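For the numbers below, each heavy atom of this structure counts, side chains included, while hydrogens, waters and symmetry mates do not. This is a predicted model, so every value here is computed, not measured.
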Amino acid sequence: WLKHFGRSGRRGLADLAVPRGPGLRSTMMIAPEEAPKLAAAATPGDGPCTQAPSAGSSVTSTTETSPSQEAFGRGGLTIGSKAELEEDIPPRRLVLVVMIAVIQGYTLIGPLQHSFKVAMRIGDKGALSHVFTQAAALVQWGKFAMTLGQNVIFSRVPPLVRVYIAMAGIALGAAIPPLFVFTLGSQWLGWVFLSFGLIGLSLGIFECTFLNVITPLGPLTKSWAIMGFPGAFFIINVLGFLLVSFGVPVEALFWYIVAGVPLGAVVFATQIVPALRQVAPRTSGAGEDGKAAAGTATVYKSMMEWRAWLPALVPFMCANIVGHFVMEGALPANFNTFNDSQVPLFGRGDSSNLMNKDRFFAVFFVFVGLGDMVSRRVGYCFELSTYRSNLVALACGLLCCVAGMYLTILGVGVVAWLSVFLSFWGQGFNYAVASKYIDRFVPREHNLAAYSFWMFAGSAGAIAGSTLVDVIRFWICHGDTYAHECLAHHGH
């Protein structure tokens with residue numbers, strides 16, 4: 001267990017035994033003038049799972065010399081050497097604030113989706129319910145389309161600018177329900193399509209581009225950024241709905257989300273972008289012209305060199321498909337299953353052990369947050385220095401996802417808490433494993449392409465899950481209704 005943690009015994013990344021096929025051991029040279037900037041920014045002992053050397057202790061490098069590393073002495077850093085320096089750059093924890101502010105718009109697919117549905121006076125069965133479900137699936141369709149589509153539509157737009165465009169789109173999409181439905185009382189079904197469509201398209205731009213842009217800040221910063229997903233869902237679905245259970249109007253959560261996006265944009269512009277210019281002005285996409293992110297080639301160029309990065313990425317893409325299917329299918333199916341004002345804790349026919357629905361889902365999302373957030377942190381703790389170790393880690397995450405889906409279809413209240421913990425632990429862990437793999441082993445010029453294809457695959461799984469919510473609900477309810485579960489209408 002201990003050998004997976006910390007920095008002791010780290011090998012040079014250029015010498016890692018990663019079976020990658022022809023052309024996959026390519027070396028990227030970093031200009032000599034960039035080396036001091038990375039080295040000056042690097043300080044040990046600031047990672048999530050590391051300890052600084054004690055006073056008086058010595059540190060012995062076990063890195064073997066390879067021809068690619070010898071290039072350092074000839075005026076450049078290898079991609080492996082640069083990755084090692086980046087691992088010691090202190091984390092910029094404010095990226096968590098930026099990610100939470102934006103991803104809170106994504107939380108509309110959770111319990112807020114059901115609140116949106118109730119405000120539109122749409123039940124959980126029938127044609128209108130099915131249309132609403134498909135409209136909500138536009139979030140996933142939008143992500144699916146723009147994860148790669150942005151590289152065509154916004155091919156001339158710098159990645160840094162794309163981040164701001166995505167933030168604006170999410171703010172607009174999130175503003176539609178509280179403004180037009182809750183405040184103005186409109187029940188036009190088109191608002192559902194517009195809201196979820198804008199959020200999905202914007203998320204497709206934001207997620208992979210933001211992770212690509214902040215790559216020069218190092219994996220410690222990246223480990224904080226990816227916790228923004230569970231952090232956002234925890235704030236809205238646990239703290240927010242706990243307040244709702246005590247009488248706060250649910251539309252207040254929608255307005256809070258809308259107000260948070262501009263705050264995230266300000267933090268990004270004033271704190272993260274200057275840090276990028278300081279650490280890696282040539283490769284961060286935050287330079288004067290902002291025309292490149294993390295040394296990124298065009299996606300077209302990356303596709304021409306697909307042998308250098310795509311084959312080894314396929315298992316990570318497949319794991320992302322399964323994880324997103326479980327996450328985006330099982331989660332809303334639970335909302336549509338436990339849809340009475342009281343939730344039976346120990347079985348469909350249980351009428352004596354009931355819990356207020358809002359408080360049940362507050363506990364529910366504590367388990368979601370714990371599973372997703374802790375697993376993403378744990379994923380960055382493991383060394384995963386070989387391709388085989390990465391595949392073993394992916395298999396463990398997939399096993400958790402599958403077990404979580406199986407427990408979901410049992411339809412038992414307390415078991416649902418365990419099911420979402422396992423589901424989100426598996427997805428969060430695999431998210432961290434894949435993100436770390438891309439940053440460490442994929443040639444830096446293909447970083448954006450790798451993130452784009454990995455998330456494109458995940459969006460495909462999310463589409464399948466979100467469009468099959470009604471099917472998963474049928475697996476749970478078997479077409480029956482019960483006193484406090486699987487109702488055809490909303491309990492109040």
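Between Trp417 and Phe360, the distance from one ring center to the other falls under 6.0 angstrom. You'll find the ring centres of Phe316 and Tyr437 inside the 6.0 Å limit.
The ring pair (Phe, Tyr, Trp, His ring centres under 6.0 Å) analysis of residues 246-266, with sequence neighbours excluded, yields the pairs Phe182-Phe254. Residue pairs that meet the salt bridge (charged side-chain N to carboxylate O under 4.0 Å, His left out) test with at least one member in residues 150-165, sequence neighbours left out, do not exist here.
Val102 pairs by the side chain to side chain contact (heavy atoms under 4.5 Å, CB included) definition with Met167, Ile170, Phe206, not counting sequence neighbours. Here Trp475 pairs with nothing under the side chain to side chain donor-acceptor pair (under 3.5 Å) rule; sequence neighbours left out. Arg92 meets the salt bridge (Lys or Arg N to Asp or Glu O under 4.0 Å) test with no other residue; sequence neighbours excluded. For the salt bridge (Lys or Arg N to Asp or Glu O under 4.0 Å) test, no residue two or more places apart in sequence or in another chain qualifies with Glu328.
A donor-acceptor contact shorter than 3.5 Å is absent between the side chain of Ser186 and the backbone of Val181. Without hydrogens or angle criteria, Thr183 side chain to Pro178 main chain gives a donor-acceptor distance under 3.5 Å.
Ring-plane geometry between Trp425 and Phe429 is classed as parallel, the angle between the planes falling under 30 degrees on a 0 to 90 degree scale with a further cut at 60. Using a 30° and 60° split on the angle between ring planes, Phe229 and Tyr431 fall in the tilted class, from 30° to 60°. The aromatic rings of Phe210 and Phe268 lie tilted to each other, with the angle between the two planes from 30° to 60°.
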